[in-house]
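Proteins get letters first, then strands, A, B, ... in listed order; numbering begins at 1 in each.
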Amino acid sequence: MITSHLPILQVVVPLMAAPLMVVLRSGAAAWTLAVAASWTALAIAAGLFLEVAGGNVVSYWIGSWPPPWGIEYRIDIVNAFLALLVSFIAAVVIVYCRESVRAEVPRERHYLFYAMYALCLSGLLGIAVTGDAFNLFVFLEISSLSSYVLIALGRDRRALMAAYQYLILGTIGATFYVIGVGLLYLLTGTLNLADMAARLPAVSDHRSVLAALAFITVGISLKLALFPLHLWLPNAYAYAPSAVTAFLAATATKVSVYVLLRFYFTVFSGSGIFDDRPLAPIWITLSLAAMFIASAIAIFQNNVKRLFAYSSVAQIGYITLGVSFGSVYGLTAGIVHLFNHAVTKGALFMLLGGIALRLGTVRFDAIGGIGRAMPFTSFGIVLAGLSLIGVPATVGFVSKWYLVLAALERGDAWLAFAVVGSSLLAVVYVWRFVEVAYFREPTTEVARLREAPLSMLVPAWLMVLACFYFGLDTGVTLGGAGAAAESLLRGPR
Amino acid sequence: MTLANHYSYWVIIFLAIAGLYIVIARGNLVKKLVGLSIFQTSVYLLYVAPGKLIGGTAPIVSPQFQVYSNPLPHVLILTAIVVGVATLALGLALVVRLEEAYGSIEEDEILPQDRDA
Amino acid sequence: MTAGTLIVGAVAVPLAGAVLIAAAHRTPNLRETVTLVTAGLLFLLVASIVPDVLAGGRPHQTLLPVMPGISLAFTVEPLGMLFAVLASGLWIVNSLYSIGYMRGNGEAHQTRYYVCFALAIASTMGIAFAGNLFTLFLFYEALTLVTYPLVTHHGTEEAKRAGRLYIGMLIGSSILFLLVAIIWTWAIAGTIEFTPGGVLGGNVSNATMGLLLALYVFGIGKAAVMPVHRWLPAAMVAPTPVSALLHAVAVVKAGVFSVLKIVVYVFGVETISGMTSVDWLPFVSGFTIIAASIVALRSDNLKRRLAYSTVSQLSYVVLAAALLTPLSVIGAALHIATHALGKITLFFCAGAIYTAAHKTEVSQLAGIGRRMPWTMAAFTIGALSLIGVPPAAGFVSKWFIMSGALQAGHYAALTVFVVSTLLNAAYFLPIVYSAFFRVPGAGAGGGDGHGHGHGEAPWPMVVALTATAASSVALFFFPELPLQLARQLVARSPG
């Protein structure tokens, strides 16, 4: 009975938890509730994933209004994979939040923090499950507004400016998206994505379709921090509370990538708009620019969180590069990297949060010799860093394998070398951490530090181990990504 | 088809560009938010304007009326307005906190304060 | 126990040993006992697979499927068997030596040292038994990473810089070239299993074949073909037992072993022997042999001289493989073993000299043979082996390689071998001569006083270096086992 309502529960459970937390006004109660909501969301996402893994599509009609008039939640393997990813990260990070938030957020704001966390989760999951373009916008704004608040809760006053800048750019991005959707609505008279896809070919000679594509592309690219629209990201990640950085870095940009995939491969693919306008060269150029320029900038950062934030911009380049190939291998690489990068960056930012908790800063000039003071945290960062580089037996390797394979399949050997070449830059910045952590004599301040508390270390190491587990057992990740890629390429049904 | 027939689009385009220009060109954080709101307003109009048909009525099923205006855009934009107001409120709240932290709401006075840190 | 369990055991035993060593960090005696027991156990495990392989068996074990069509799998073939026996056997000797060296020099972080060493051996076993390119690559990278703490053991600024070069060149080359080569192979052939006769078959153009071979040869930085050799001399900042086992046996041999294995089981000797695009390889490796020998000749630091000698000797294997005749391939396989025994002996001696007399430069060694007769006798045997003079094992492999060059009619290669033999003699024999026949202090840079008395190094070190020198001689008289394995390698590959 209740299982038929899983799609809506996926969104409603965290959505309802949020106001409840505000009413409870207690940090501990709010945390407990947030844990319950996140884990329930994970269970629901797992249930949905199993349901659609065989190729089914779950269609849920809100208020029993049939689509295209009512809002439809339409879940296929692509959505389910994304929902599983988001709720998995949320479920792990929320456990980690307890100690981290206690240290970094004023006590009287704890319950608000968790309320915002639940809202953000609900928004991200909403984007994942909805099949309605305008509903998607609303969820996009729910997740964005709550993430602006979460970022602004950072200890450093620069967090405020980072949140403000993200708010301006994020709102411009979302508004661009709405303009695009509005144009499509004027053309097709529908907001249901599947219905839109079916009606678009009939009006595809209209120039507004192109305008809509342009607006949606730019708007979503802002949200997913495609180079050179990434300017909001480094500061937002660097100054947000550690738990927020871990959560957002692993989920927010990934969800935006999904929106892009949905519009390119489901809505616009049938309209023939790409036939005489090959966009791939533009995407490939921007992706390569992200991979090399952002990695190069990362090398010269002094703040380790900022370093890995720039690395995120570079890794998004890998994802969009895979997507821009438009082949099964390429899309598989892009989608599996959504997951793989989320796990890796989640682990990194969670471990960095441990250092931030004990030392109060994660600047290279302050953390010298940290390898001796906090051995588990530092070693975890090195291991996750190896995954970022793409050493075999880590998740990064799986993504890289498919990305290079996709490049070779196109006959573009130089692209294959570009992919592996940019991961050499990752070697450089990961090794900067290795040398600072293990070759510098610890200062008296660092030498006094204790290891991070277990409630932070265990979730973080769970992610680190996930980097290795999913690097060797790729059944779920690669299987899911491969099926998602094929389903996207089959186009709208 | 003349330019005048599409005057509502010209208004929308003007508002959108004006709004974006303010966001980019102004260093005052409040003025940036004003620009953002103007930009968003242009989108409200983009949705609402085409919903109105000349001679159309409210969509009440009755044999007397043949032409209806589309109510859906209005409903959608109601949601968008709510989102816009929330964004504005949050943005202004951030500006208040920025003023408390930096003693200024001018971008070029705030950013240099952290340069040395 | 089935053969499959034995193979997995060969990787798992040193891994488990690493855990136990770490657990025993409070009691050094127990820790060292664990190391020795693990090494002994590993050798027994590896040795117990040998009869099966000699009888023509190819034990196989798939551990887990990783990606569609790609699995973590082990297959024991003759070459890997040879390499595994060599590495595991020498680990026992080297552990004994390590105990003497680390204690004799009062080194810090000894637990980390032994743990990383065990992990390095586990990775080496993984490389030796790898059943496909993915498994090979996995353990190849693992070996680089676990040896990094060994190279930078002293934690000094110099160690840090050497570590940078080590990681940069090895990881860099493997990701940039080797990984692309492997994926390319997969894209072309649809398989990356090691298959007798190769997998690339006839569907690869001449030019692509040459490019692929280049990607493999330069991607496998551990084979130290110039210009990807710089990491090896840099890695000499490590404690001497590391240089001895890892940078004379495990790591560098993993490199040439991979090259040889890829030439035989991925390209297929027959497939590429007709291709003109692979003709560059003999010249590049030949150049490496000569150039590295000349650098060795000009190095006064003993370990640096040995390192460049290693670079040169590694290219013997590459050049022999590149000649693509059965005899030279046998020679290449044998040379992995004979050079290992010879070079580890030389490094052991260098470490013994450092521990007993604190000397690192060649010019300081005048007359040292009188104080350390055992050590310098072993050094002489090691040197003879590398030059290729009986009764040391180096003669056997050199014989096969040069016969192979004759068979192939590759006179340029033959010239390289002859010239390099002369160079080898030129950089080793003066050391032996001055150690035994010159008066102490009469050497060019030997002014820093032989005043304080010293004798031989601690006994575990002397035992170890005597054992390897003796094995080198023994291998000359009884080369049956490696020869049989090497012959199988060729017999299985058509042509």
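- A donor-acceptor pair shorter than 3.5 Å can be found between the side chains of A:Tyr185 and B:Asn70.
- Proximity to chain B (any heavy atom under 4.5 Å) is shown, for A:Ile179, by both the backbone and the side chain.
- Proximity to chain A among residues 12-29 of chain B is limited to B:Leu20, B:Val23, B:Leu29, judged by heavy-atom separations below 4.5 angstrom.
- For a residue to count as touching a neighbouring chain, one of its non-hydrogen atoms must lie under 4.5 Å from one of that chain's; by this rule A:Val178 touches chain B with backbone and side chain alike.
- Counting heavy-atom pairs closer than 4.5 Å to chain A, the top residue among B:Leu36, B:Leu72, B:Val83, B:Leu76 is B:Leu76.
- When heavy atoms are compared at a cutoff of 4.5 Å, A:Ile172 approaches chain B by way of both its backbone and its side chain.
- Ring to ring, A:Phe247 and A:Tyr117 are close: their centroids are under 6.0 angstrom apart.
- Contact annotation for A:Phe134: only side-chain heavy atoms (C-beta onward) come within less than 4.5 Å of a heavy atom of chain B.
- Here the closest non-hydrogen pair linking A:Leu231 and A:Pro228 is CG-O, 4.2 Å.
- When all heavy atoms of B:Ala86 and A:Leu145 are compared, the closest pair comes out as CB-CD1, 3.9 Å.
- Cation-pi contact between A:Arg157 and B:Tyr102: present, with separation from the ring centre below 6.0 Å and deviation from the ring axis of at most 45°.
- The stretch residues 37-44 of chain B places B:Phe39, B:Gln40, B:Val43 near chain A, each with some heavy atom under 4.5 Å from a heavy atom of that chain.
- Ranking B:Ile110, B:Leu46, B:Thr79, B:Thr87 against chain A, the residue ahead of the rest is B:Thr87, based on heavy-atom pairs under 4.5 Å.
- Residues satisfying the ring pair (Phe, Tyr, Trp, His ring centres under 6.0 Å) test with B:Tyr68, not counting sequence neighbours, are none.
- Note: B:Leu90 leads B:Val95, B:Leu90, B:Val82 in heavy-atom pairs under 4.5 Å with chain A.
- Side chain to side chain, A:Arg306 and A:Asn235 meet the donor-acceptor criterion of an N or O pair below 3.5 Å.
- Taking every heavy atom of both residues into account, A:Tyr237 and A:Thr245 meet most closely at O-OG1, 2.9 Å.
- Counting only N and O atoms by type, the side chains of B:Glu99 and B:Ser104 include no donor and acceptor under 3.5 Å apart.
- Within the structure, the salt bridge (charged side-chain N to carboxylate O under 4.0 Å, His left out) test picks out the following pairs touching residues 179-199 of chain A (sequence neighbours left out): A:Asp195-A:Arg199.
- When the shell of 6.0 Å around CD of B:Glu106 is examined, it contains more than 12 heavy atoms from other residues, nucleotides or ligands.
- For a residue to count as touching a neighbouring chain, one of its non-hydrogen atoms must lie under 4.5 Å from one of that chain's; by this rule B:Leu98 touches chain A with backbone and side chain alike.
- Nearest heavy-atom pair across A:Val101 and A:His110 is O-NE2, 3.5 Å.
- For A:Phe227 and A:His230, the distance between ring centers is under 6.0 angstrom.
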